[in-house]
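Below: the structure, in structure tokens.
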Amino acid sequence: MGHRGRRGRRRRGLALVLAVAGAAVLVRGTLRGAMDRRWWGVLGPLVVLGLMVGVGWRILTAGGIGANIGAGLLIIFGTPVAAGLLLWALAWAFWLVTQRHGHEGGGDLGGIASRGV
């Protein structure tokens with residue numbers, strides 16, 4: 001395997017470690033009550049959107065001879081799904097930030113930095 005293959009594997013490995021560490025911090029914060037559980041309604045669609053963008057970039061930049069049918073299908077079907085996920089996350093975040101009644105331990109930021117964290 002060439003030099004590029006090892007470097008690519010290292011980068012993917014580092015990205016995976018950082019993603020798992022970030023997820024662990026978020027889950028731990030949720031379980032300890034430092035983060036409002038309702039924010040997962042924003043984070044979930046954004047995580048799915050990030051995965052879609054990563055896979056989509058891989059499909060769009062794939063080398064090959066001939067037509068890239070996967071890229072066309074991605075653009076036709078993936079774009080509306082990605083737009084829907086992004087709009088859902090933005091609307092849900094706006095609703096959480098502007099809501100004042102009945103929040104679960106949230107502070108002035110709608111539960112992002114609750115309980116003095």
- Task: State the CE-CG distance between Met52 and Leu46, to the nearest 0.5 angstrom.
- Result: 12.0 Å

Which pairs would a plain distance check flag for residues 16-24, meaning a side-chain donor or acceptor within less than 3.5 Å of a matching protein atom at least two apart in sequence or in another chain?
none

- Message: Hydrophobic cluster membership, with links at side-chain heavy-atom distances under 4.5 Å among I/L/V/M/F/W/Y: are Leu49 and Val42 in one?
- Response: yes

Could you list the donor-acceptor pairs under 3.5 angstrom formed by side chains in residues 75-95, with sequence neighbours left out?
| unit_1 | atom_1 | unit_2 | atom_2 | d |
| --- | --- | --- | --- | --- |
| Thr79 | OG1 | Ile75 | O | 2.9 |
| Trp88 | NE1 | Gly41 | O | 3.3 |
| Trp92 | NE1 | Arg38 | O | 2.8 |

- Query: Between Val97 and Leu43, is there a shared hydrophobic cluster once you connect ILVMFWY residues whose side-chain heavy atoms come closer than 4.5 Å?
  - Reply: yes

- Which pairs count as side-chain hydrogen bond (donor to acceptor under 3.5 Å, both in side chains) when at least one residue sits in residues 40-64, sequence neighbours excluded? Thr30-Trp40

- Task: Identify the residue among Val55, Ile69, Leu60 that makes a side chain to side chain contact (heavy atoms under 4.5 Å, CB included) with Leu74.
- Result: Leu60

